[in-house]
Participant: 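Just dropping this structure here.
These values consider heavy atoms only, across backbone and side chains, with no hydrogens, waters or symmetry-generated copies. Letters A, B, ... are given to chains in the order of the sequence lines, protein chains preceding strands, and every chain is numbered from 1.
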2 protein chains.
Amino acid sequence: MLFIAARDVAGKSASVLAAAGLGRAHARALHFIARNPGLSVAELLGFLKITKQSLNRVMSDLLNGGFVERKTGMQDRRTRSLQLTPAGMALAEAVWNAQRPILAAAFRAAGQDAVGGYRKVLIGIAGDPVRWRKNP
Amino acid sequence: MLFIAARDVAGKSASVLAAAGLGRAHARALHFIARNPGLSVAELLGFLKITKQSLNRVMSDLLNGGFVERKTGMQDRRTRSLQLTPAGMALAEAVWNAQRPILAAAFRAAGQDAVGGYRKVLIGIAGDPVRWRKNP
DNA sequence: CTCGTTACGTCAGACATGCTGACATAAATA
DNA sequence: TATTTATGTCAGCATGTCTGACGTAACGAG
């Protein structure tokens, strides 16, 4: 059920992404950058659990497409601070708008208590999102 | 969180599958055949939501590896009835044993009520598993 | 029984996304 | 200064998905 649910939610964004010439891998990177503005490349790789080589193409597309901005880190100038451009924010919002209805309907149908339990179990499986980012 | 949870649970089975020379696509097919013994190819495609061409390689591997048995359907002789061989059952169980600990720990930590809510929400997103199979 | 439809099998080629290995550069740090 | 760290980049390979095209066997309507 986890597989089906994740697939179906991710699938909702396909048309929006295709219109921008992007795929699901781009959507995931976009998602984590949107929720952790200014994160470093290493942090993003930690979220995605892929190699930097795999991220390379995805990031190139996002940078060339003007969806993500890459600046030299302030404390440590070796790092890169990643954040969405206005175009990137608009795209992230469009993706969310495509996915929201299915989640909202499920949450509404299940009720608030059920959603609390749902979150609790997902945190048990995936870890607490609050602790995902180690060096903010 | 859905993405992370699904990825992490699926990831647990990688080593078991690699030992059998299979990948995650095989595991998914194996999973649905295990839970719906005797299902047809069309039904399996409905669960997986992929094309028959994509399923082709996966099924060839499973058949050649002796994990799945394919018999001519009884009512409709055009269909194929798919079920696991003993080897397939053993592999499915090994996969489950690899994935179970992470789910069991999350369920135990969250409590029974939370698990009920978790199931309720997932059913809202993915649909009721009981109704997934249309022509049993 | 013939004909159209359905369920399945298969080949060929393409794309998306992941991987490893190897090497380069700049900045921090010992 | 020497080493380590954070990142970028190129080349090649594996997996899993897709579309398109074609073939076969069996069902069902007429």
Participant: Strictly by ring-ring contact (aromatic ring centres under 6.0 Å, His included), give each pair with a member in residues 50-77 of chain A just once, sequence neighbours left out.
Facilitator: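 Found none.
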
Participant: Between A:A106 and B:G124, what is the shortest heavy-atom contact and its length?
Facilitator: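 For A:A106 and B:G124, the tightest heavy-atom pair comes out as CB-C, 3.5 Å.
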
Participant: From the 5' end of DNA chain C to its 3' end, which nucleotides mark the outer limits of contact with chain B, defined by a 4.0 Å heavy-atom distance cut-off (strictly under)?
Facilitator: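 Listing 5' to 3', DNA chain C meets chain B from C:dT6 to C:dA14.
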
Participant: Would you say the side-chain atoms of A:T85 pair up with the backbone N or O of A:G66, donor to acceptor, closer than 3.5 Å?
Facilitator: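 Yes; at least one donor-acceptor contact below 3.5 Å.
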
Participant: Can any side-chain N or O of A:S54 pair as donor or acceptor with the backbone N or O of A:I50 at less than 3.5 Å?
Facilitator: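 No, the answer is negative, given that no donor and acceptor are paired below the 3.5 Å cut-off.
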
Participant: Evaluate the ring planes of A:F32 and B:F3, with Trp represented by its six-membered ring, and classify them as parallel (under 30°), tilted (30 to 60°) or perpendicular (over 60°).
Facilitator: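 Aromatic pair A:F32/B:F3 classed tilted.
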
Participant: Scan for ring-ring contact (aromatic ring centres under 6.0 Å, His included) pairs involving residues 76-115 of chain A, sequence neighbours excluded, and state none if there are none.
Facilitator: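 Qualifying pairs, neighbours excluded: A:F107-A:Y118.
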
Participant: What residues, two or more places apart in sequence or in another chain, satisfy side chain to side chain donor-acceptor pair (under 3.5 Å) together with A:R78?
Facilitator: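 Per chain and number, A:R78 pairs via side chain to side chain donor-acceptor pair (under 3.5 Å) with A:D76.
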
Participant: Checking side chain to side chain contact (heavy atoms under 4.5 Å, CB included) between A:V121 and each of B:V121, B:L103, B:V115, which is the one that passes?
Facilitator: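 Checked B:V121, B:L103, B:V115 against A:V121; only one passes side chain to side chain contact (heavy atoms under 4.5 Å, CB included): B:V115.
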
Participant: Given B:E43 and B:S40, is the side-chain contact (heavy atoms from CB on, under 4.5 Å) satisfied, shown in steps?
Facilitator: CA-CA 5 Å; B:E43 287 176 317; B:S40 69; 3.3 Å; yes

Participant: Looking only at atom types and distance, does a side-chain atom of B:E69 sit under 3.5 Å from a main-chain N or O of B:L84, one as donor and one as acceptor?
Facilitator: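 No, B:E69 side chain to B:L84 backbone: no donor-acceptor pair under 3.5 Å.
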
Participant: Please give, in whole Å, the distance from D:dG28 C1' to B:Q75 CD?
Facilitator: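 Roughly 16 Å, once rounded to whole Å.
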
Participant: Mind calculating the distance between CZ (B:R78) and C1' (D:dG28) to the nearest angstrom?
Facilitator: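 Atom CZ in B:R78 sits about 8 Å away from atom C1' in D:dG28.
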
Participant: Classify every nucleotide of nucleotides 14-19 of chain D by which part a protein heavy atom approaches to under 4.0 Å, writing B for the base, S for the sugar-phosphate alone and - for neither, in 5'-to-3' order.
Facilitator: --BBBB

Participant: So what does B:D76 touch, heavy atoms closer than 4.0 Å: a base, only the sugar-phosphate, or nothing?
Facilitator: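 Counting heavy atoms under 4.0 Å across all strands, the contact made by B:D76 is with sugar-phosphate only.
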
Participant: Determine to 10° how strongly the helix from C:dC1-D:dG30 to C:dA30-D:dT1 is bent, judged from the axes of its five-pair ends.
Facilitator: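 For the helix from C:dC1-D:dG30 to C:dA30-D:dT1, the axes at opposite ends meet at about 30°.
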
